[in-house]
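Worksheet: the structure to be examined is printed underneath.
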4 protein chains.
Amino acid sequence: MSPRTEQQYEEIREEKKKLIMDTALQLFANEGYHNTSIDQIARTAGISKGLIYNYFTSKEQLLQSLIFSGFDEFAQFFDPNRDGVIEKEELHYLLREMFKLLKEKMSVWKLYFGIMLQPQVMKMVEKEVYQYALPYLKLLVDYFKKEGKENPYLEARFLSAVGDGIGMHYITDPDNFPLEECVEKLIALYQ
Amino acid sequence: MSPRTEQQYEEIREEKKKLIMDTALQLFANEGYHNTSIDQIARTAGISKGLIYNYFTSKEQLLQSLIFSGFDEFAQFFDPNRDGVIEKEELHYLLREMFKLLKEKMSVWKLYFGIMLQPQVMKMVEKEVYQYALPYLKLLVDYFKKEGKENPYLEARFLSAVGDGIGMHYITDPDNFPLEECVEKLIALYQ
Amino acid sequence: MSPRTEQQYEEIREEKKKLIMDTALQLFANEGYHNTSIDQIARTAGISKGLIYNYFTSKEQLLQSLIFSGFDEFAQFFDPNRDGVIEKEELHYLLREMFKLLKEKMSVWKLYFGIMLQPQVMKMVEKEVYQYALPYLKLLVDYFKKEGKENPYLEARFLSAVGDGIGMHYITDPDNFPLEECVEKLIALYQ
Amino acid sequence: MSPRTEQQYEEIREEKKKLIMDTALQLFANEGYHNTSIDQIARTAGISKGLIYNYFTSKEQLLQSLIFSGFDEFAQFFDPNRDGVIEKEELHYLLREMFKLLKEKMSVWKLYFGIMLQPQVMKMVEKEVYQYALPYLKLLVDYFKKEGKENPYLEARFLSAVGDGIGMHYITDPDNFPLEECVEKLIALYQ
DNA sequence: AATGAATGAGGTTTCATTCAT
DNA sequence: TATGAATGAAACCTCATTCAT
């Protein structure tokens, strides 16, 4: 009966929010956004449907939160805004680490790829995606410029595309796709 | 005795089926499968909802038909079963032609990519997808074997992944993505 | 190209009508009225949906026709209006013949029983059913009156009910229900 | 933490479920299963369509629930598994009580008879029906065996059929059918 | 903060019936 | 007479969201 402190409440809130997001991420990634009902999320998380609406205003906003949270987590690992330039070794390191992260957090990436190709979902987050992606693209452009490439923008977009292709194939067929070897092949292109 | 000849009926059927499929393809590709209702397809095509069910047993089967029809169309262009082996020049030609086709038939590919990453939709067509994809993979494996590569399977999967990555990025951002240059860069890797 | 005579047309009409009714009877009896579609009847009969509407104005009217036709067929066997009175031997004979007919034309009776218990279908044919049933009831009432029974109406309704009960159980479980013995037991009650 | 106690929820659920089942029973019995829409049930019960699906997974399952619930209610009155044997007086008592129940709960029986004769509905519940019916049949068989009848099984099936016949005729024409007298006539056969 | 009963809009699907040919 | 493509009303069902408690 003792009233909880403001901080205790805050902790509960954070915990519950995380629980909901984790559950939703797994389900969205594995079953698909449209094939996952709020009810299913609630049941899987062991909470009530209503509670989800205490933390998220809608299913759509829950999805957005997941996407942005995924981006944030990613950004924490690879902050493209540190000093602005990277060396060749750093690029290799970044690529390897990225794909390591991909492997560890496959759900996020499943969701990410699934979402990116879903037209109407894409529209929802389009603007923010570009906001997030731009600094990384710029980082690459700068790198290739520094490397003396003729068309750094082209190089950057090519690398991004290739990276996503490898990621996508791994996500689609994680059991057979030779991820590590492909990554090394990719890195080898940028010696 | 029959008021229209068998052939007349056949023509009507072919025409209507095509109309429905074309309409559905555009809508599925641009709005997403789940965000396109049968009613919307019917209205767009200028027909009744019921008629769609004269031609397809369900929305799902309509989607399947679209996917397989897309595959078939693709397969008509690039039959991997011709003689079984391709030369370097043929590979280059194939890659260029494929991406030309990608550009022309963007809707199909939007659908294809969207589908591949949608877990529950993928399940629907998984088996067939592999049936279709296998000969192409084999073609590439054989090519790289002939080229004396150490790990032809790896090479084949790498190329597929890279190709899909480029395709995906083009589809996602057709206005800005430098498709032709990327394709040439890709081809340059296989000189 | 030779024009058919009026009579030939009439023959065709009769033939087709019979075909439709026979098909519908089988399907209605075995699958249920509501579970049988006009399309299914047409396909089973090897004709077109439209043709059915040349002979019957609606599915409901087709059902009515079947019911009345069943009654008529039945009435041809057992005309209750002959001389108005029957002897004990005639009653026994009638009962045995009725159940023989039941066995032979199970479909009609399946339909009949199914229909009688379907409220809204019953409403459709209620009036006619009574018209048909009344003479038979009267025949029985007269018989029991002649036999000196205290309450002939009660006797008549009892016998009808018992007869229908046996019929119903036979129809529901034709493989196990001991029809002949039950009929003999029934007849034994009216020695 | 929960705003209503578990018990409160349970009460609400029981009440609503009963409301839905009562409403559906009346409508199914009087209008027929196929002629009663979920919407009609909802409107009659003064609730939303959706709510019905909180309690029953489908219209079919609602029907099943009704049938089994009817059986259960019936079984509570006449448990055939008590001691296994009944005396003549008990048989008379049972028959009288059964038909009293029939009169009181005509809806259930209307449904029951309607269902038994509807081919595809029967299939749904066939197995369970036999499970329910078997003990009663056995009770009768045992009774007639004890009474020294030559063919107890025949006697049991005959009595069941006759009973159903009387029930059916009463249900079909409750205003005119002389139920009590018929029941007494029936009982008189088993002195 | 938390529950889950309740809603209702909207989706897919069925099918009796029409009608141009 | 005969066809079957086409319609559209109405059915079943789902599910995001609300809200009293």
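Just so it is clear, the values below take in all heavy atoms, side chains as well, and ignore hydrogens, waters and symmetry mates. Here is the naming used below: chain letters follow the sequence lines, and residue numbers restart at 1 for every chain.
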- [ ] Using a 4.0 Å heavy-atom cut-off, write out nucleotides 5-10 of chain F from 5' to 3' as B (base contacted by protein), S (sugar-phosphate only) or - (no contact).
- [x] SBBB-B
- [ ] May I ask you to check whether S69(B) and E73(B) show a side-chain donor-acceptor distance below 3.5 Å?
- [x]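 Per modelled atom types, S69(B) and E73(B) side chains form no pair under 3.5 Å.
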- [ ] Determine whether the side chains of Q40(D) and T36(D) contain a donor N or O and an acceptor N or O closer than 3.5 Å.
- [x] no
Open item on the list: Taking the six-membered ring of Y112(A) as reference, does the cationic atom of K105(A) (NZ for Lys, CZ for Arg) lie under 6.0 Å from its centre and within 45° of its axis?
Closed with: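 Verdict for Y112(A): no cation-pi partner in K105(A).
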TODO: Would you kindly check if the NZ (Lys) or CZ (Arg) of K59(D) is within the cone defined by 45 degrees around the ring axis of Y53(D) and under 6.0 Å from the six-membered ring centre?
DONE: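 No - K59(D) does not lie over the ring of Y53(D) by the 6.0 Å and 45° rule.
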Open item on the list: Under 4.0 Å, counting only non-hydrogen atoms across every strand here, what does T57(A) touch: a base, just sugar-phosphate, or nothing?
Closed with: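 Contact class for T57(A): none.
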Open item on the list: Show me the dot-bracket string of DNA chain E, counting Watson-Crick or G-U pairs under 3.5 Å, with | for pairs to another strand and [ ] for crossing ones.
Closed with: .||||||||||||||||||||
In whole Å, I'd like the distance from the [atom1] atom of [X] to the [atom2] atom of [N].
X      : N       : atom1 : atom2 : result
Q40(B) : dG10(E) : CD    : C1'   : 12 Å
E31(B) : dG11(E) : CD    : C1'   : 16 Å
D39(B) : dA9(E)  : CG    : P     : 16 Å

Open item on the list: Does E60(A) have more than 12 heavy atoms from other residues, nucleotides or ligands lying within 6.0 Å of its CD?
Closed with: no
Task: Contact check, side chains of F71(D) and V129(D), non-hydrogen atoms, under 4.5 Å - done: yes
TODO: Please confirm whether the backbone N or O of T5(D) pairs with a side-chain atom of Q8(D), one donor and one acceptor, at under 3.5 Å?
DONE: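 Yes; judged by distance alone, with no hydrogens or angles, the pair exists.
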TODO: For dT17(F), take OP1 and OP2 only and decide whether either is under 4.0 Å from a side-chain N or O of Y53(A).
DONE: yes
Task: A24(A) to L66(A) - nearest heavy-atom pair and separation - done: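 Scanning both residues, the minimum pair turns out to be CB-CD1, 3.9 Å.
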